[in-house]
Amino acid sequence: MFDGREPLYVQIADQIRQDVLSGALEAEEQVMSTTQYATTFRINPATAAKAFAELVDEGVLYKRRGVGMFVAPGAREKLRAERRDTFFADVVDPVLEQARLLGIDVDEVVARLRERAATAAQPTTDTPQAGAR
């Protein structure tokens, strides 16, 4: 599960962020303890603790003394807002700059995005149905 180039604690924190964003972890839901992470993924408990500390500092998790770590209320919305800002800065702004350099009008970029979104939203007829042979 954790095999990227990033430090392990960063990968753990990123996975928890992703689980919160996707709804796999909801507000007020308890997350595995550092001991459970250490046992499950065969890592040092201090590594999991470092990931949790980062998430607490960000306001994604909070600790209930003597009980464990929980997803903070509003964590999903907070992460979404941060990711949106990053998305626009890292993806949209460079696309617009590149379009400007190529002489492509913003309306043409928007039209292409709408076209692609409509195509992506349509179900394909050539994929087998679940249970079909």
Side-chain angles (χ1 to χ4, degrees):
M1 178 174 200
F2 301 112
D3 57 2
R5 292 186 175 192
E6 297 280 334
L8 198 49
Y9 80 93
V10 171
Q11 293 179 58
I12 293 168
D14 284 346
Q15 182 59 55
I16 293 171
R17 284 185 199 98
Q18 189 61 36
D19 289 346
V20 170
L21 273 170
S22 72
L25 285 173
E26 296 185 13
E28 301 295 344
E29 187 172 342
Q30 187 170 12
V31 298
M32 282 195 288
S33 70
T34 55
T35 304
Q36 288 170 315
Y37 261 94
T39 303
T40 303
F41 299 111
R42 297 181 158 199
I43 60 171
N44 187 323
T47 301
K50 190 171 182 179
F52 285 7
E54 183 173 293
L55 294 168
V56 167
D57 288 347
E58 292 174 9
V60 175
L61 298 180
Y62 72 96
K63 184 175 185 173
R64 286 190 196 159
R65 198 173 177 116
V67 181
M69 300 297 267
F70 293 80
V71 177
R76 185 175 191 194
E77 293 76 18
K78 177 181 177 20
L79 288 170
R80 274 189 169 168
E82 290 170 0
R83 294 270 176 105
R84 282 184 182 133
D85 290 344
T86 301
F87 173 77
F88 282 108
D90 293 351
V91 178
V92 176
D93 293 349
V95 165
L96 291 174
E97 177 60 20
Q98 193 62 220
R100 185 187 66 75
L101 290 172
L102 296 172
I104 301 171
D105 187 69
V106 171
D107 291 334
E108 188 177 346
V109 174
V110 171
R112 175 65 65 98
L113 288 171
R114 289 185 194 281
E115 176 186 303
R116 299 290 182 180
T119 303
Q122 295 175 356
T124 58
T125 57
D126 59 336
T127 54
Q129 300 273 331
R133 291 185 178 208

- Query: So with a 6.0 Å cut-off around CZ of Arg42, is the heavy-atom count from everything else above 12?
  - Reply: no
- Message: Taking the basic N atoms (NZ, or NE/NH1/NH2) and the acidic carboxylate oxygens, is any pair closer than 4.0 Å for Glu77 and Arg80?
- Response: no
- How close do Val31 and Gln36 get, heavy atom to heavy atom, and via which atoms? O-OE1, 4.5 Å
- Going hydrophobic residue to hydrophobic residue with side-chain gaps under 4.5 angstrom, can you get from Val56 over to Phe70? no
- Query: Side chains of Gln18 and Asp14: do they bring a donor and an acceptor to under 3.5 Å?
  - Reply: no
- Between Glu28 and Arg64, is the closest basic N to carboxylate O distance under 4.0 Å? yes
- Query: Do you know which two heavy atoms are closest between Ala51 and Ile12, and how far apart they sit?
  - Reply: CB-CG2, 3.7 Å
- Which atom pair, heavy atoms only, marks the closest approach of Glu26 to Val71? O-CB, 3.3 Å
- Message: Rounded to the nearest 0.5 Å, what separates atom CG in Leu96 from atom CG in Leu101?
- Response: 11.0 Å
- Contact summary for Ala38 and Asn44, nearest pair of heavy atoms: CB-C, 4.3 Å
- Where Phe52 and Ser33 come nearest, the two heavy atoms and their spacing: CE2-C, 4.0 Å
- Query: Is there side-chain contact between Leu55 and Arg17, with at least one heavy-atom pair below 4.5 Å?
  - Reply: yes
- Query: Are Ile104 and Val92 connected, step by step, through hydrophobic side chains (Ile, Leu, Val, Met, Phe, Trp, Tyr) whose heavy atoms are closer than 4.5 Å?
  - Reply: no
- Kindly compute the distance separating CG (Leu25) from CD (Gln15), expressed to the nearest 0.5 Å. 9.0 Å
- Message: Is any side-chain heavy atom of Phe41 closer than 4.5 Å to one of Gln11?
- Response: no
- Query: How far apart are the closest heavy atoms of Gly59 and Ala75, and which atoms are they?
  - Reply: O-CB, 4.3 Å
- Message: If we ignore hydrogens and angles and just use 3.5 Å, is the side chain of Thr40 paired with the main-chain N or O of Tyr37 as donor and acceptor?
- Response: no
- Message: Determine whether a donor-acceptor pair (N or O, by modelled atom type, separation under 3.5 Å) exists between the side chain of Glu58 and the backbone of Leu79.
- Response: no
- Message: Tell me whether Glu29 at atom CD has more than 12 heavy atoms from other residues, nucleotides or ligands lying less than 6.0 Å away.
- Response: yes
- Whether Lys50 side chain and Leu8 backbone form a donor-acceptor pair below 3.5 Å: no
